Colleague: 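The structure's right below; bear with me while I get my questions together.
Predicted model only: the values in this text are computed from it and were never measured.
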Amino acid sequence: MAAGSSNYWEDLRKQARQLENELDLKLVSFSKLCTSYSHSGPRDGRRDSSDTTPLLNGSSQDHMFETMAVEIEQLLTKLTGVNDKMAEYSSTAGMTSVNAALMHTLQRHRDILQDYTHEFHKTKANFQAIREREDLLGSVRKDIESYKTGSGVNNRRTELFLKEHEHLRSSDRLIEETISIAMATKENMTSQRGFLKSIQSRMNTLANRFPAVNNLIQRINLRKRRDSLILGAVIGICTILLLLYAFH
């Protein structure tokens, strides 16, 4: 029974070491994939002639990344299961000294599993960050290319906008000049109105003074007319008397 238990423990340890070796190789390849992805350049496949052509383009690397991530997660799950079985076995062992040795071995395998899990998540996060950065750079490059392609049209539009802006500024200047002329005309008309009011007031003053003179002149004219009538009547009477005297 003890021999069978020992063989079971050794089988678990063998499985754990095998999974750890596979995980170590997978994680190294996974890290290299992340590093090569960061130097592979734009993801649209366009590279300068001076650059080194990458072994894999962006889409192939993305597919390989997903495949390797799934494989590593499966290996971590299997190794976790083996460690759980080793923990169950160590808890049922009879001898205290043997139990302590098993716990020490189990703890070492658990530490290795924890290190591999941490390294996997760290590398995966770095890979995703690099991929997002490359996606962003690719989008910026496309925007730049689109801007360069439409630069002629944009320049023409800019020129038209500048001309329209200059026309608006000229119109504003003309409007300001017209307003200035109108304000000056208004000031002149206001001053002329004040001058005319002063003349009108003087005329009214003189008109108020002239009625007495007019009355005097009218009286003199009436007296002259009366005197003329009296003189004409006297001359007429004298003439009639002379004629009567001459014919008699």
Colleague: List in chain and number order the residues that pass side-chain hydrogen bond (donor to acceptor under 3.5 Å, both in side chains) with Ser180, two or more places apart in sequence or in another chain; answer none if no residue qualifies.
Modeller: none
Colleague: To the nearest 0.5 Å, what is the distance between CG on Asn21 and CG on Leu75?
Modeller: 11.0 Å
Colleague: Applying ring-ring contact (aromatic ring centres under 6.0 Å, His included), which residue pairs with at least one partner in residues 64-87 are found, sequence neighbours left out?
Modeller: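 Counting only pairs at least two positions apart or across chains, the ring-ring contact (aromatic ring centres under 6.0 Å, His included) contacts touching residues 64-87 are Phe30-Phe65, Phe65-Phe127.
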Colleague: Which residue pairs pass the salt bridge (charged side-chain N to carboxylate O under 4.0 Å, His left out) test when at least one of the two sits in residues 167-178, sequence neighbours left out?
Modeller: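 Qualifying pairs: Glu166-Arg173.
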Colleague: Check this for me: does any side-chain nitrogen of one of Glu159 and Lys163 sit under 4.0 Å from a carboxylate oxygen of the other?
Modeller: yes
Colleague: By side-chain hydrogen bond (donor to acceptor under 3.5 Å, both in side chains), which residues pair with Arg223, not counting sequence neighbours?
Modeller: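 Once residues adjacent in sequence are excluded, Arg223 has no partner under the side-chain hydrogen bond (donor to acceptor under 3.5 Å, both in side chains) criterion.
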Colleague: Report the residues that fulfil side-chain contact (heavy atoms from CB on, under 4.5 Å) with Lys78, sequence neighbours left out, ordered by chain and then residue number.
Modeller: Leu19
Colleague: Of all residues at least two apart in sequence or in a different chain, which pass the side-chain hydrogen bond (donor to acceptor under 3.5 Å, both in side chains) check with Glu73?
Modeller: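 Listed in chain order: Lys124.
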Colleague: Does the side chain of His63 come within less than 4.5 Å of Thr67's, by heavy atoms?
Modeller: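 A side-chain contact exists here, since the closest heavy-atom pair is under 4.5 Å.
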Colleague: What pairs with Glu71 under salt bridge (charged side-chain N to carboxylate O under 4.0 Å, His left out), at least two apart in sequence or on another chain?
Modeller: Lys26
Colleague: Do you know the tightest heavy-atom contact between Ser90 and Leu102?
Modeller: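 Shortest heavy-atom contact: CB-CB, 3.9 Å.
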Colleague: For Lys224, what residues pass the salt bridge (charged side-chain N to carboxylate O under 4.0 Å, His left out) criterion, not counting sequence neighbours?
Modeller: none
Colleague: Output the rest of the hydrophobic cluster of Phe161: all Ile, Leu, Val, Met, Phe, Trp and Tyr residues reachable through side-chain heavy-atom contacts under 4.5 Å, sorted by chain and number.
Modeller: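 None; Phe161 is a cluster of one.
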Colleague: Under 3.5 Å, which donor-acceptor pairs do the side chains of residues 107-120 form with other protein atoms, sequence neighbours left out?
Modeller:
from, atom 1, to, atom 2, distance (Å)
Gln107, NE2, Asp111, OD1, 3.0
His109, ND1, Glu20, OE2, 2.8
Thr117, OG1, Leu113, O, 2.8

Colleague: Would you mind reporting whether Leu244 and Ile240 have side-chain heavy atoms less than 4.5 Å apart?
Modeller: yes
Colleague: Any chance you could pull the hydrophobic cluster mates of Leu168, using side-chain heavy atoms under 4.5 angstrom and chaining through other members?
Modeller: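 Joined to Leu168, directly or through intermediates: none.
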Colleague: Considering only residues two or more places apart or on different chains, which pairs with a residue in residues 224-244 satisfy ring-ring contact (aromatic ring centres under 6.0 Å, His included)?
Modeller: none
Colleague: Between Thr178 (side chain only) and Leu174 (backbone N and O only), is there a donor and an acceptor less than 3.5 Å apart?
Modeller: yes
Colleague: Is there a side-chain contact between Leu25 and Ser29 (heavy atoms, below 4.5 Å)?
Modeller: no
